[in-house]
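Shown next, in C-alpha cells, is the structure this report addresses.
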Amino acid sequence: MPTSMRDTSSTLPIIGPSRNERPRQATFIRSAQMALFARVTCYPPLGQITNWHRQQAVDPDADDTVTFTVVVESSTSLPTQSWEAQVWHNIGSTEWSALPLSACDSSVAPLLNGTEENYKYHRHVFRGEIHLPPTAVHAQFTMRFRTGPDVEWQWANQQECVGDGELVIAAKSDKSGAVAADSGNAAEELAKYIDNLSPELTVESRRTEAPGSVLWQIRGEVDAAQQDVSGTKEVTLGTPSSWIKFFSLVRVWSPWLGPRHGKNRFHLTEDAIFCSFLRKDGTHLVLLAISGVNDVLTVFQSSGDGEVVLQARNDNSERTEFQIVAAVAKDFEVAMCAVMYESRKIVKPFESNEKSPSEQAVSPMPDEDVVVVEKDMKTQWLADWIDGLTYCTWNGLGQNLNEEKILHALDSLKANDIHIVNLIIDDNWQSLDNEGESQFRRRWKQFEANPKAFPRGLQRTVDTIRQSHRNIGHIAVWHALLGYWGGICPDGDLAQKYKTKEVKVKDPAAGGPIAHNVGDGKILTIHPDDVQRFYDDFYGSLRSWGVDSVKADAQFFLDLLDSANDRKQYMASYQDAWSLATLRHFSNRAISCMSLIPQMIFHSQLPTNKPSITLRNSDDFFPEIPSSHPWHVFCNAHNALFTRYLNALPDWDMFQTSHSYAAFHAAARCVSGGPIYITDEPGKHDVNLINQMTALTVQGTTVILRPSVIGRSLDVYHDYNEGHILRVGSYTGWAKTGSGIIGLFNIRPAEASCIVSLTDFPGIHENSDGDYVIRAHTSGKVTNRLKPRVNDALAAIVLEPKGWEILTAYPTHSFELKERHGKAGLKSLTHVAILGLIGKMTGAAAVVSSDTSVVENGRLRCDVHLKALGTLGLYISDLADRSIEDDFMITILGQPVPQRAVWKEGGEMGNVLAVDVLAAWKEMKLDSGWSNEAFVRIFMA
C-alpha cells in the first residue's frame, strides 16, 4: 500500500514510559549505592502478569510452590559485594511479607547472548520458594536488595522504574483441565463471568471442540435496512466480572487490525472484533463477534462504565440475527480454539460455492503438543512460492515504476549473489488516466501495462526477466480489488467491455481521507454481475504473458461503499469472483492485502473449502518512521494470535535489509512462520543478514527456513506501552521430537533484560519428558541439559535498543556407548541433539527428518535429511573428550566429507559438532538427482 495514502500516526500507539506504582509497603530515596549495579532481572518477571498454573499433584489439597529466581548484575569496576535479596509478596494473604532468597551458582539462568570478555558486570543469582496455599488466587510481589547487612535496602522499582509483578494462580484442574460448568440455564452459566447480562440477547450453550473450555452462542436481532440505509442495533452485553487485564483486536483503520490492552476498566476507542479477559481465578473469557453472515457486521465497543457493547449493522432488507460466541478456559489458547472452531460451524452454511481440485477440509490449528510439519499436498507442491525468498518493488523502487528500474534492481540482486525465487511487481505498472494527479484520482484503463513505463508490453518484460534471471520461479503483479485506487476509467477499454456501476465510497473510520481524494466520493467499478468474467479475463491475460501470481490490494474498499444495497451486492460477489479466478489461474499463489475487514475474515479467510493463501497480517512497513518498527512487529505478533486460526498464511510484510531495524525485522519474519519479502533499493543489501534468513537448496534455489507453526505473541496481555520484551513463539518439526522457538525483541528505547524458562517454549510443558538444550542464535551459546520439571531450567538475555535474539530449544536423546581408550566393556552416557543449520536464524526448520541410534558395532549413527545446505550442528554432550579425526566418520549422499569441513564450534572444549554441508557439497561436486534433500550420515565411535 502506498505510504502516501494516509497519516500513519493515527494508527501508531503513543510511545512513552508507563506509570508504575511503587510497592505499597515502603518507599526509599535513591542513593549512591545504586551505581553499584546495572539491572535486576526476575523470574517470574516484575512489572508483568504471569499466569501461573499449579502442578497437578496426586493430593488435590497439597501445597504447590512458586520458585523465584533473581539475577542482580553489578559493575566489575567496583569491588565484589555480599549481596542480599528478598522477594516481598502478598501470596495467600492480605499482608505483605518477605521471602529471603539464597545465593546460588551463576550457572542458573546463564546469560546466553553477548560475550563474557565484553561483559562488564558481575552476575549474582538468588533463588527462593513460596508455598501456595489452596486459597491463593491473585497476588503481587516485588523485590529488594542490598550489598550487606549494614546497608539500606533498595527497591527494584525505584532503580528500574518497574511495577509489581503479578501472579494469577489457576486452580488445580481435573485430568481434562476443564472449567466446571453446570448443565443448567446457559444464561445463568454465562452470568458467572459477565455481570448484568442483557436480557435482550439469547444465550445458548454449545458443544465445544476444544476440551477444557465452556462455550456459548449469543444472538440478537437487528432491524432491516430502510431506503438503502443499514439497520443498526446497539445493545450492552454486560460487564465482564473479576478480570485483571484485557486484550482486544480492534480495527485500527478500515483494512487493518491491531492490538489494544488495558486494566482496571474496559475501554476501547475503536471497534473490536475480538476481546479476551484474564480473570483473577486464572481463567480466560474470550468473546468473538461474527460478521459476514447474512450481510451483518458485528463489532464490540465499550461504554463509559466499562461495559461490553455490541453494535450490529444489517445491510439486508429483512430483520436479521447478529451473533457472537463466548468461551471460558484456563488456557487462552484453549478458549481461542473454542470460539474459532465454533465460528467455522456458524459460517459454513454461508460459505461461497467455490470449488477447487484439491478441496478438502483443512485440520484446525493444533495445539503445540500435537503439531506436525506442514505436509499436506496443498502446501507442499507450492513450497517454492511459500518458502522462496521474494523481492517486492514497492519501497525499493517507489511509485515511478518502469521496466528499466525493475531490470536494474534484479541485476543488483544478482551481482550481490542474492537469488530470489519470487518477484512482486507492485503498484504503478497499470495503464492509468489522470497522469500526475493523486493516485486516488487515477483510474484503470486496460489490461495491458502502462506503455510509457513498459514500452514493449508486460509480456516482453516478463520474458526478459525469465531469460536473464532463471532463478526467479514466480512473477506476481499488484492490483486493487476494484481495479485501481480510483476505480475504472469511464473512457478506457475496460469500461467499454464490461458492465460497470458507479458507487459512492465513504471515508474510513480512521486514516486517510479517501472520499476527499476521489472528489465527490464516487468511483466507477465493474458491476458485480460481470465481475467474474472480468477477473477470469484479466487473470487469463496475465497468465498468457507469463505472470503466474498476484497481490490483490485495497480490498477494504468493499467496506467503504456508502450504500447498504451496494455493500450487499458487492461484498460476496467480489470476494468469490477473485477467489475463483485466483484458484483457476494461479492456484494459491496469491496475496490478499488490506483485507482484514470482518466480512472478509469470516466469508473468505476462515472457511476451509479451498487451499489457503497468503494474507497480509498488519499495516505496512514504513522505513522512514523510526517509531513504527517495534510497533510493526508487536502488532503482527498479537494479530497472529487470531489470524493463525484462519485458512491463510499470515504475512508480516516486506522490509529492507539495509535499514537500521533490518535485523530486528529479519528475525521477526523468520519466527513468524510466514513468507519473507525484501524491498531493498538497488545496491543496498546486507548479504550476511539475507544468508541468516535463507539457505541454498540442492537444486540451486534459495529458500527461507519457515517453522511449522505460525509465530505469535507468548504474552497475550502485555501492553505495548509497558515496554516489556516482546516474546514471539513458534515450533518446528513433529510433536515431542521438534523444537520450540522464541524470538525476543526489545521494543523500548533503552536496554532490557529477561529470563526465559524452558517451559515457555511452545511444545514444551512441565509434563514433557526428556532433556533439552537451549541455543541462542547470535552468540551460538548452548545451555547445559535442562529438564522441564526442574526449577532452574532458565536462560537469561540482555538486549540493547533495537536488540533481538532467537532461542531454540532442542530435545536431546541419550545413548550408552562403549568406553573408548581400550576400556572394554565400560559404557558412558552420551546426549545428542540435532540442531539443524546453525548459521541460520531458524535453522532447526531445515531438518526434514532425523534418526539417531546405536548400530551393531556400538557406534552412534545420526541420519539427517536437510531441505537446504549450510552448516549442520549437532550437540554432543561429551564432544570435548572426542577427536574429530579418530572418532567421527561423516558422509553426504554416501560419500565421505573432507575433514576440513568439520570442526568443533566454540573450540576444542565446545559441545557442538559443525559440518559445513554447503562447502562440502560444492567441493565434492555432488548431485542429488531427482531428490530435493541432502542426506548426511554421521558415525561416532
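Not measured: the values here are computed from a predicted model. Residue numbers start at 1 and run along the sequence shown. As a basis for the values below, the full set of heavy atoms in this structure was taken, side chains included, without hydrogen atoms, waters or symmetry mates.
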Review point. Can Asn113 and Thr778 be said to form a side-chain hydrogen bond (donor to acceptor under 3.5 Å, both in side chains), step by step?
Key: CA-CA 7 Å; Asn113 63 341; Thr778 62; 5.2 Å; no

Check your understanding: Heavy-atom count around Asn784 CG within 6.0 Å, excluding the residue itself: above 12?
Key -> no

Check your understanding: Is a donor on one side and an acceptor on the other found under 3.5 Å between the side chain of His718 and the backbone of Arg727?
Key -> no

Check your understanding: Is the cationic atom of Arg39 (NZ for Lys, CZ for Arg) positioned less than 6.0 Å from the six-membered ring centroid of Tyr121 and within 45 degrees of its normal?
Key -> yes

Exercise for review: Report the C-alpha separation of Asp305 and Ser303 in whole Å, then their side-chain angles, then the decisive distance to 0.1 Å, and conclude whether the side-chain hydrogen bond (donor to acceptor under 3.5 Å, both in side chains) test is met.
Suggested key: CA-CA 5 Å; Asp305 295 328; Ser303 73; 5.0 Å; no

Check your understanding: Quick one: ring-ring contact (aromatic ring centres under 6.0 Å, His included) partners of Tyr810, sequence neighbours excluded?
Key -> none

Practice item. Please report the shortest heavy-atom distance between Thr283 and Val328, naming the atom on each side. Key: CB-CG1, 4.0 Å

Review point. So, Thr50 side chain and Trp52 main chain: donor-acceptor pair closer than 3.5 Å or not?
Key: no

Exercise for review: Give a yes or no on whether the backbone of Val214 and the side-chain of Arg206 come within a donor-acceptor separation of less than 3.5 Å.
Suggested key: no

Review point. Salt-bridged, Glu333 to Arg644, with N to O below 4.0 Å?
Key: yes

Check your understanding: Which heavy atom in Gly304 sits nearest to a heavy atom in Arg265, and how many Å separate them?
Key -> O-NH1, 3.2 Å

Revision key, fill the gap. All heavy atoms of Val151 vs all of Thr147, minimum pair found to be CG2-OG1, 3.5 Å

Point to revise | Any donor-acceptor N/O pair, Ser730 side chain to Ile710 backbone, under 3.5 Å | key: no

Check your understanding: Would Glu270 and Arg260 count as a salt bridge (charged side-chain N to carboxylate O under 4.0 Å, His left out) if you check the C-alpha gap in whole Å, the side-chain angles of each, and the deciding distance to 0.1 Å?
Key -> CA-CA 9 Å; Glu270 303 105 334; Arg260 293 292 184 261; 2.9 Å; yes

Check your understanding: Does Asn746 use its side chain to pair, donor to acceptor, with the backbone of Ala750 at less than 3.5 Å?
Key -> yes

**Study point:** Set of ring-ring contact (aromatic ring centres under 6.0 Å, His included) partners for Tyr717, sequence neighbours left out
**Key:** His284

Check your understanding: Using the benzene-type ring in the case of Trp, are the ring centres of Tyr731 and Phe761 under 6.0 Å apart?
Key -> no

Point to revise | Working for side-chain hydrogen bond (donor to acceptor under 3.5 Å, both in side chains), residues His124 and Glu73 | key: CA-CA 6 Å; His124 310 272; Glu73 294 174 294; over 6 Å; no

Practice item. Let me know which of His138, Lys245, Lys263 forms a side-chain hydrogen bond (donor to acceptor under 3.5 Å, both in side chains) with Glu166. Key: His138

Check your understanding: Where the side chain of Thr812 meets the backbone of Asp771, is there a donor-acceptor pair that is under 3.5 Å apart?
Key -> yes

Exercise for review: Rounded to the nearest 0.5 Å, what's the gap from OG on Ser618 to CH2 on Trp631? Could you check?
Suggested key: 9.5 Å

Exercise for review: Please check if the side chain of Ser713 supplies one atom and the backbone of Asp715 the other of a donor-acceptor pair under 3.5 Å.
Suggested key: yes

Exercise for review: Applying ring-ring contact (aromatic ring centres under 6.0 Å, His included) between Phe634 and each of Phe664, Tyr720, Phe745, report the one that passes.
Suggested key: Tyr720

**Study point:** For the student: nearest non-hydrogen atoms of Ala186 and Val203, plus distance
**Key:** CB-O, 3.7 Å

Exercise for review: Could you tell me whether the side chain of Thr208 and the main chain of Ser213 form a donor-acceptor pair under 3.5 Å?
Suggested key: no

Check your understanding: For Phe277, what residues pass the ring-ring contact (aromatic ring centres under 6.0 Å, His included) criterion, not counting sequence neighbours?
Key -> Trp243, Phe266

Check your understanding: If every non-hydrogen atom of Ala109 is compared with every non-hydrogen atom of Val71, which pair is closest and at what distance?
Key -> CB-CG2, 4.3 Å

Point to revise | Side-chain donor/acceptor of Thr783 to backbone N/O of Ile774, under 3.5 Å | key: yes

Check your understanding: Do you know which two heavy atoms are closest between Gly258 and Cys635, and how far apart they sit?
Key -> CA-SG, 3.9 Å

**Study point:** Evaluation steps, side-chain hydrogen bond (donor to acceptor under 3.5 Å, both in side chains), between Arg279 and Ser241
**Key:** CA-CA 8 Å; Arg279 293 166 44 86; Ser241 59; 3.1 Å; yes

Check your understanding: Got a donor-acceptor contact below 3.5 angstrom from the Asn639 side chain to the Leu257 backbone?
Key -> yes

Check your understanding: Is any side-chain heavy atom of Leu807 closer than 4.5 Å to a side-chain heavy atom of Arg775?
Key -> no

Revision key, fill the gap. ring-ring contact (aromatic ring centres under 6.0 Å, His included) with Phe274: of Phe246, Phe300, Phe247, only one passes, and it is Phe247

Check your understanding: Aromatic ring centroids of His261 and His638 under 6.0 Å?
Key -> yes

Check your understanding: Is any side-chain heavy atom of Asn721 less than 4.5 Å from a side-chain heavy atom of Arg748?
Key -> no

Point to revise | Check: Ile218 and Val325 side chains under 4.5 Å, non-hydrogen atoms | key: no

